[in-house]
*Asks:* 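Encoded as structure tokens, here's the structure I'll be asking about.
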Amino acid sequence: MIETAQISQSSVFLVSGGAKGITAECVIRIAQQQPCKFILLGRSSIMTDEPAWAKDCFHESELKKRIMENILAEGKKPTPMEVQRIFKTIVSSREIHKTLLAIEQAGAQADYIDVDVTDALALQQKVATVVERMGPITGIIHGAGVLADKLIEKKSEQDFETVYATKVKGLENLLSCFSPGQLDYLVLFSSVAGFYGNIGQSDYAIANEILNKSAHLVKQHHPSCHVVAINWGPWDSGMVTSELKKAFAKRNVEIIPIPVGTNMLVKELDTANQETAQVVIGTPMEPVFRELNPELQTYRIRRKLTLEANPFLQDHVIGGYPVLPATCCVGWIINACEQLYPGYKFFSYTNFKVLKGIIFNDNLASEYVLDLKEIAKNDDSIEFEGKIWTKKAQSKIPYHEHYRATIKLVREIPSAPTYEDVNIEEDPRIAEQVEYPLYQTGKYTLFHGPSFWGVNKILNLTPEKVTTECAWPSISDRQQGQFKVQTFNPYIADLQTHSNGILIYAFHQEQLLPSQSEKFEQFAMIPPDETFYISTELRSKISNKVQADIIAHNREGKMYSRWVGWKGTIFPL
């Protein structure tokens, strides 16, 4: 069992953004729970003594009036910018002093360093000086962050760099001040914007998601360290104005009260939560629906595919070569459509065709092109024609078309229907005949490797219908490569077709590959490791062509998804 440290009086926390705002409130609450030592970092300078004319003046208009009078008394001309600068310096300095006093009143120690966390050299030099007095750093709380909210097409490179560097470069610089191995705690203030995404915050979302991934990485290499990236929702603080509160209310986003949030932080630092490297505290950030442009648009997206970037392909080998599953291709089309219209969700695809599979051999193209064409849209739904193709070198035919499908996005997914012909009774005769597992061994062999395993049991089987019990154990993000599970799971979708192969092999000793389908509808995603059932009804088998309906459902028959008119082609054993 890994031994973990607890916060004690000798603990020393290095806290970025820790002297003001929400991070300061959190530090004060930690100090109240367990007095220790804090080195607070911030870009604001701090006044040791406030000017006599500013003391005991706390009303904004009166304080600004006194600032102007002082500038005039010095024989200078006050400008609005200069008045505001001095005002902010005084108010900021007061807030820092207030934080330091609150920490000391809790019985803890605190020191403040004015430094920019993106300046590595200055940070290292100033921290080293304070460490001589306070003792070695045992924990980091990285709470620094800035915003530059704009739609992505309006963001400048400087906007992005400022937001990104404070979070990402800031963390890198904090960790450079000492060996991460000496840390007992690493607490990263991330955001639900990184977890869910949020309009106008592409830079902030990227930076915070990097913090999330960094937490998992540090935890992997330093398991005894208590690492957590907290994906905070909006706090009830100065940054959340009354206008923002109204906007959040329309999106059903709850505001975190300061006492609630600080207590939740203290809870996350408890040793009981030592193994949790990422936590979301806040309601989902549902996208804001924008007014649709009535003009139908077209889009072109290019992608380079490599075997190295997609480890799961080693589990989908046909004829000696890795082959991209058709469900991954339709998943690419679906995800691209959803990214164009945040808030709209995938519901169905129709007219799907496999025209030329993508095989990872010497003929693999240098890039693949996805063309999307809007064919209909209104406030409730948007439809696209999607086509994946590649250029064909030195040929009269200019390109190869690989896959095509019509995708439908909707604002609200219809209620799931019930499959009326549910039969999940286990036929005892099958248990006597079938060897398990079904994959790569036994009578009903399926060629798929572990990334696609999921059919655990054949419940009943006739020439017209097969019912199987399934559960997909999930695979890592690294294994998923360029085809991540989002609102459509291409790996579960692929395994839903495995029952077809079982039926065809059982009664015809032949194997299947998908060729096209009339319609696929998804009412809900199937969670990893959850048991579900596939009922496959054979509609026809003529020569080397097979047509079936495939229904994924729970024990009661409530549908997760259904294929109507799934079509496959027999291929030689």
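This structure is a prediction, so every number in the text was calculated from the model and none was measured. Sequential numbering from 1 along the given sequence is applied to the chain's residues.
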*Asks:* If I take atom CE from residue M525 and atom CZ from residue F488, how far apart are they, to the nearest 0.5 angstrom?
*Replies:* 9.0 Å
*Asks:* Please report the shortest heavy-atom distance between A144 and V117, naming the atom on each side.
*Replies:* CB-CG2, 4.4 Å
*Asks:* Might you work through the side chain to side chain contact (heavy atoms under 4.5 Å, CB included) test for Q182 and I137, ending with a clear yes or no?
*Replies:* CA-CA 8 Å; Q182 78 181 59; I137 305 294; 4.0 Å; yes
*Asks:* For a side chain to side chain contact (heavy atoms under 4.5 Å, CB included) check, start with the C-alpha distance between W232 and I22, then their side-chain angles and the critical distance, and finish with the verdict.
*Replies:* CA-CA 11 Å; W232 293 112; I22 294 306; 5.8 Å; no
*Asks:* Between D315 and S451 (side chain of the first, backbone of the second, donor and acceptor by atom type, cut-off under 3.5 Å), is there such a pair?
*Replies:* yes
*Asks:* Would the distance check show the side chain of K20 and the main-chain N or O of G17 forming a donor-acceptor pair, the cut-off being under 3.5 Å?
*Replies:* no
*Asks:* Judged by atom type as modelled, is there a donor-acceptor pair below 3.5 Å linking the side chain of T138 to the main-chain atoms of V12?
*Replies:* yes
*Asks:* Would you name the heavy atoms of S8 and C36 that are closest together and state the gap between them?
*Replies:* O-CB, 3.1 Å
*Asks:* Could you tell me whether M264 atom CE has more than 12 heavy atoms of other residues or ligands within 6.0 Å of it?
*Replies:* no
*Asks:* Spell out, as yes or no, whether a donor-acceptor pair under 3.5 Å connects the side chain of N310 to the backbone of Q482.
*Replies:* yes
*Asks:* Verify, without hydrogens or angle tests, whether K167 (side chain) and F189 (backbone) share a donor-acceptor contact under 3.5 angstrom.
*Replies:* yes
*Asks:* Can you tell me how far CD1 of I388 sits from CZ of R303, rounded to the nearest 0.5 angstrom?
*Replies:* 8.0 Å
*Asks:* Is the distance between the ring centroids of Y204 and Y164 under 6.0 Å?
*Replies:* no
*Asks:* Examine the side chains of N212 and S190 and answer whether a donor and an acceptor come within less than 3.5 Å of each other.
*Replies:* yes
*Asks:* Is it true that atom CD of E412 has more than 12 heavy atoms of other residues, nucleotides or ligands lying nearer than 6.0 Å?
*Replies:* no
*Asks:* Kindly assign one of parallel, tilted or perpendicular to the pair Y299 and F384, based on the angle between their ring planes and the thresholds 30° and 60°.
*Replies:* tilted
*Asks:* When rounded to the nearest 0.5 angstrom, what distance separates CG in L307 from CG in L364?
*Replies:* 8.5 Å
*Asks:* Evaluate whether atom CD of Q84 has more than 12 neighbouring non-hydrogen atoms of other residues, nucleotides or ligands under 6.0 angstrom away.
*Replies:* yes
*Asks:* Is the closest side-chain donor-acceptor distance between N231 and N208 under 3.5 Å?
*Replies:* no
*Asks:* Please report the shortest heavy-atom distance between A54 and L63, naming the atom on each side.
*Replies:* CB-CD1, 4.1 Å
*Asks:* Ignoring hydrogens, what is the shortest heavy-atom contact between S176 and Q124? Give both atom names and the distance.
*Replies:* OG-NE2, 3.0 Å
*Asks:* Is the number of heavy atoms from other residues, nucleotides or ligands within 6.0 Å of CZ (R94) greater than 12?
*Replies:* yes
*Asks:* Are Y491 and Q479 linked by a side-chain donor-acceptor pair shorter than 3.5 Å?
*Replies:* no
*Asks:* Closer than 3.5 angstrom, by distance alone: can the side chain of Q274 be matched with the main-chain N or O of C225 as a donor-acceptor pair?
*Replies:* yes
*Asks:* For atom CD of E62, is the number of surrounding heavy atoms from other residues, nucleotides or ligands below 6.0 Å larger than 12?
*Replies:* yes
*Asks:* Atom CZ in F346, atom CD in Q486: separation rounded to 0.5 Å?
*Replies:* 12.5 Å
*Asks:* Can you name the side-chain hydrogen bond (donor to acceptor under 3.5 Å, both in side chains) partners of R85, sequence neighbours left out?
*Replies:* E82
*Asks:* Does the Lys NZ or Arg CZ of K155 fall within the cation-pi geometry relative to F160 - under 6.0 Å from the ring centre and within 45° of the axis?
*Replies:* no
*Asks:* When you measure from the side chain of K126 to the backbone N and O of D114, does any donor-acceptor pair fall under 3.5 Å?
*Replies:* yes
*Asks:* May I ask you to check whether over 12 heavy atoms, not counting those of L217, lie within 6.0 Å of atom CG?
*Replies:* yes
*Asks:* Does any pair with a residue in residues 22-31 pass side chain to side chain donor-acceptor pair (under 3.5 Å), and if so which ones, sequence neighbours excluded?
*Replies:* R29-N263
*Asks:* Return the minimal non-hydrogen interatomic distance between G386 and I333, and the atom names on each side.
*Replies:* CA-CG2, 4.1 Å
*Asks:* Using modelled atom types and a 3.5 Å cut-off, is there a donor and acceptor pairing between side-chain atoms of S93 and backbone atoms of T89?
*Replies:* no
*Asks:* With F483, which of N335, L305, T327, L313 fulfils side chain to side chain contact (heavy atoms under 4.5 Å, CB included)?
*Replies:* L305
*Asks:* If you measure only the distance, is there a donor-acceptor pair under 3.5 Å linking the side chains of Q278 and K213?
*Replies:* no
*Asks:* Any side-chain donor paired with an acceptor under 3.5 Å for Q33 and K267?
*Replies:* no
*Asks:* K345 vs T487, test: side chain to side chain contact (heavy atoms under 4.5 Å, CB included). Steps then yes/no.
*Replies:* CA-CA 8 Å; K345 299 175 279 274; T487 60; 5.8 Å; no
*Asks:* Check whether H226 reaches the backbone of V187 with its side chain - one donor and one acceptor, N or O, closer than 3.5 Å.
*Replies:* no
*Asks:* Distance check, rounded to the nearest 0.5 Å: I39 atom CD1 versus S16 atom OG?
*Replies:* 12.5 Å
*Asks:* Pair Y349, C337 - check side chain to side chain contact (heavy atoms under 4.5 Å, CB included), show working.
*Replies:* CA-CA 12 Å; Y349 66 81; C337 292; over 6 Å; no
*Asks:* Run D203 and K150 through salt bridge (Lys or Arg N to Asp or Glu O under 4.0 Å) and show every step you take.
*Replies:* CA-CA 9 Å; D203 44 12; K150 295 175 188 174; over 6 Å; no
*Asks:* Locate the shortest heavy-atom distance separating P473 from W453; write the atom from each residue and the value.
*Replies:* CD-O, 3.6 Å
*Asks:* Look up atom CD1 in I7 and atom NZ in K37, then write down how far apart they are to the nearest 0.5 Å.
*Replies:* 14.5 Å
